[in-house]
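Below you'll find the structure, written out as structure tokens, and then a few comments.
Note that the structure is a prediction, hence the values are computed from the model and not measured. Proteins get letters first, then strands, A, B, ... in listed order; numbering begins at 1 in each. Just so it is clear, the values below take in all heavy atoms, side chains as well, and ignore hydrogens, waters and symmetry mates.
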There are 2 protein chains.
Amino acid sequence: MPTVSSEELAAAAGVNSAKLRKDFSYLGSYGTRGVGYDVEYLVYQISRELGLTQDWPVVIVGIGNLGAALANYGGFASRGFRVAALIDADPAMAGKPVAGMPVQHTDDLEKIIEDNGVSIGVIATPAGAAQQVCERLVAAGVTSILNFAPTVLSVPDGVDVRKVDLSIELQILAFHEQRKAGEDLAADDVVPPVAAKQPRKGPDGDVPAVMPA
Amino acid sequence: MPTVSSEELAAAAGVNSAKLRKDFSYLGSYGTRGVGYDVEYLVYQISRELGLTQDWPVVIVGIGNLGAALANYGGFASRGFRVAALIDADPAMAGKPVAGMPVQHTDDLEKIIEDNGVSIGVIATPAGAAQQVCERLVAAGVTSILNFAPTVLSVPDGVDVRKVDLSIELQILAFHEQRKAGEDLAADDVVPPVAAKQPRKGPDGDVPAVMPA
DNA sequence: CCATCTTTGTGCACGCGTTCACAAAGGCAT
DNA sequence: ATGCCTTTGTGAACGCGTGCACAAAGATGG
């Protein structure tokens with residue numbers, strides 16, 4: 001039976017082993033003292049807790065370059081996501097196959113959502129169309145929205161929205177780049193907490209309070 | 001002179017006004033007591049600190065759907081980024097215009113980086129090509145990399161990498177979605193800290209220690 | 001010029017998450 | 001079966017970031 005110790009996992013992930021054990025303990029006591037964690041069982045438990053074992057039908061609205069890229073993205077299927085439909089407002093797109101699936105017209109949005117029991121929608125439309133699409137999705141029963149359009153969506157309570165701004169990541173790189181370049185001359189002006197450590201995003205987040213356009 | 005108080009800004013951003021003032025104070029004392037912050041001046045100071053006032057030439061390697069989407073993305077220019085070149089390994093792509101700019105062949109990668117003084121590279125290639133492209137970018141002088149390929153890149157010290165995994169965001173939505181659905185039946189099993197609050201990414205991050213594939 | 005009012009900048013305390021450290025527990029060899 | 005070794009699970013302490021609360025500072029009006 002292949003096992004891992006919290007120490008090994010912590011080293012691999014670059015975190016403290018005690019925190020890792022404590023986090024795991026919230027899921028239950030899946031480890032064996034003196035041995036470690038059964039890899040297969042642990043993977044299953046975490047997958048289940050994160051919802052990876054469920055099947056999540058999603059629709060992608062707005063099949064431009066980005067929408068097409070998302071439709072072709074391989075990482076979705078392996079995480080339990082199934083692209084149920086591709087939807088676009090352009091009648092010329094209707095029926096055209098993208099990622100082995102015919103694009104459908106916006107007119108049928110509501111029916112598609114219902115028929116497939118979709119609760120997660122992805123918006124990859126131009127900024128101008130996003131809010132309207134969002135409202136239709138929500139009205140049709142979608143309760144979680146991933147927004148790639150450069151707009152802030154307003155939604156009723158109970159609906160989750162996550163906004164992906166591709167340029168923010170670049171922004172952060174540029175910030176560090178500036179640091180690298182400038183730290184020879186200006187070794188004084190330190191901005192301690194706000195934006196200093198390492199990266200990634202997670203269920204919760206940390207945003208600098210204000211970010212100018 | 002248009003001004004804002006820390007109170008107004010804090011309310012708009014949904015944060016505590018004291019923290020906001022303290023954060024601003026790290027940039028210097030730009031406020032006026034009894035009045036607030038001069039909007040224009042504040043925007044400039046923050047922009048400068050974040051590196052928005054500089055011109056950052058970037059190259060995008062891998063002009064598939066995603067690369068094309070990035071090339072067309074309007075948000076870059078307004079944040080000080082200038083797409084200096086689009087690079088692809090496919091000879092058939094060479095010379096083809098994407099977002100009003102001819103795609104160049106990978107062979108010229110090093111020359112392009114040098115000629116344009118590029119220090120930030122975006123990788124939007126298939127997973128298999130990413131590491132190799134990464135190494136060539138670094139060898140040519142790039143010190144910050146934004147990686148959209150589903151691979152973990154290894155880079156020498158001094159090079160920053162940020163990985164964007166489009167499915168992680170969906171993952172997080174699905175997690176909350178699962179919560180919504182299940183909280184009626186199972187009001188007990190709580191996973192307290194790891195993954196509960198609200199979203200967004202920032203210069204620093206919070207990752208669940210372990211995330212299975 | 002003084003009084004009053006508003007809002008900043010910040011010392012200090014509280015609270016929460018991380019880390020330490022160890023007792024309990026299971027495996028394994030003798 | 002007994003003892004030793006390894007690793008978990010967790011109580012308790014530490015440290016750090018957040019929020020409170022107030023003094024200092026500037027504006028504004030009389």
Side-chain angles (χ1 to χ4, degrees), chain A residues 1-46 49 188-210, chain B residues 1-46 49 188-210:
Chain A
M1 183 179 85
T3 60
V4 266
S5 67
S6 61
E7 204 65 57
E8 292 174 277
L9 282 175
V15 299
N16 183 286
S17 67
K19 179 175 188 338
L20 195 146
R21 285 200 299 278
K22 191 164 279 184
D23 282 357
F24 281 5
S25 76
Y26 287 117
L27 309 179
S29 289
Y30 298 140
T32 306
R33 299 176 187 222
V35 177
Y37 297 88
D38 173 28
V39 173
E40 194 182 347
Y41 188 54
L42 183 62
V43 166
Y44 169 71
Q45 288 297 341
I46 295 177
E49 191 70 30
D188 48 286
D189 67 340
V190 188
V191 178
V194 153
K197 299 183 213 157
Q198 323 169 35
R200 214 62 33 96
K201 47 208 154 175
D204 194 319
D206 48 337
V207 214
V210 175
Chain B
M1 182 178 85
T3 60
V4 265
S5 67
S6 62
E7 205 65 56
E8 293 174 277
L9 282 175
V15 298
N16 182 286
S17 67
K19 180 176 186 341
L20 195 145
R21 285 199 299 279
K22 193 166 281 186
D23 283 357
F24 281 5
S25 76
Y26 287 118
L27 309 178
S29 289
Y30 298 139
T32 305
R33 297 176 186 221
V35 177
Y37 298 88
D38 173 28
V39 173
E40 195 183 345
Y41 189 54
L42 183 63
V43 167
Y44 169 71
Q45 289 297 342
I46 294 178
E49 191 70 30
D188 49 284
D189 68 340
V190 189
V191 178
V194 153
K197 299 182 217 159
Q198 327 168 33
R200 214 63 31 97
K201 49 207 154 175
D204 196 321
D206 49 339
V207 213
V210 175

Practice problem: First locate atom OG of A:S5, then atom CZ of A:R21, and finally report the distance between them rounded to the nearest 0.5 Å. | Solution: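 Reported value, rounded in 0.5 Å steps: 9.0 Å.
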
Practice problem: Hey, could you give me the CD/OG1 distance between A:E8 and A:T3, rounded to the nearest 0.5 Å? | Solution: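 It comes to 7.0 Å.
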
Quiz item: Should we say atom CD of B:E40 is surrounded by more than 12 heavy atoms from elsewhere, each under 6.0 Å from it?
Solution: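 Result for CD/B:E40: open.
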
Any side-chain N or O of [X] under 4.0 Å from OP1/OP2 of [N]?
X: A:S6; N: D:dT8; result: yes
X: B:T32; N: C:dT8; result: no
X: B:Y37; N: C:dG9; result: yes

Quiz item: Where the side chain of B:K19 is concerned, which of C:dT10, C:dA21, D:dT18 is the nearest nucleotide?
Solution: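 Ranking C:dT10, C:dA21, D:dT18 by closest atom to the B:K19 side chain puts D:dT18 first.
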
Self-check item: Nucleotide nearest B:R21 when distance is taken to its side chain, options D:dT8, C:dT7, C:dG9
Solution: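 Selected nucleotide: C:dG9.
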
Check the distance between [N]'s [atom2] and [X]'s [atom1] and give it to me in whole angstrom.
X: A:Y26; N: D:dT8; atom1: OH; atom2: C1'; value: 16 Å
X: A:L20; N: D:dT10; atom1: CG; atom2: P; value: 14 Å
X: A:R33; N: D:dT10; atom1: CZ; atom2: C1'; value: 9 Å
X: A:D23; N: C:dC16; atom1: CG; atom2: C1'; value: 14 Å
X: A:L27; N: D:dT10; atom1: CG; atom2: P; value: 12 Å
X: A:E8; N: D:dT6; atom1: CD; atom2: C1'; value: 12 Å
X: A:F24; N: D:dT7; atom1: CZ; atom2: P; value: 16 Å

Quiz item: Any side-chain heavy atom of A:F24 within less than 4.5 Å of one from A:Y30?
Solution: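 No - every pair of side-chain heavy atoms lies 4.5 Å or more apart.
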
Quiz item: Where each residue is assigned the nucleotide of DNA chain C containing its nearest heavy atom, which of A:N16 and A:G34 is assigned the position nearer the 5′ end?
Solution: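 With A:N16 and A:G34 compared, the 5'-side residue is A:N16.
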
Practice problem: Check step by step if side-chain contact (heavy atoms from CB on, under 4.5 Å) holds for B:L42 and B:D38. | Solution: CA-CA 6 Å; B:L42 183 63; B:D38 173 28; over 6 Å; no

Quiz item: When the nearest nucleotide of DNA chain D is assigned to A:G36 and to A:K22 on a heavy-atom basis, which residue is associated with the more 5' position?
Solution: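 Looking at DNA chain D, the more 5' nearest nucleotide goes with A:G36.
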
Quiz item: Base, sugar-phosphate alone, or nothing: which one does B:S17 contact when heavy atoms must sit under 4.0 Å apart?
Solution: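 Nothing: the residue B:S17, judged by heavy atoms under 4.0 Å, touches no strand.
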
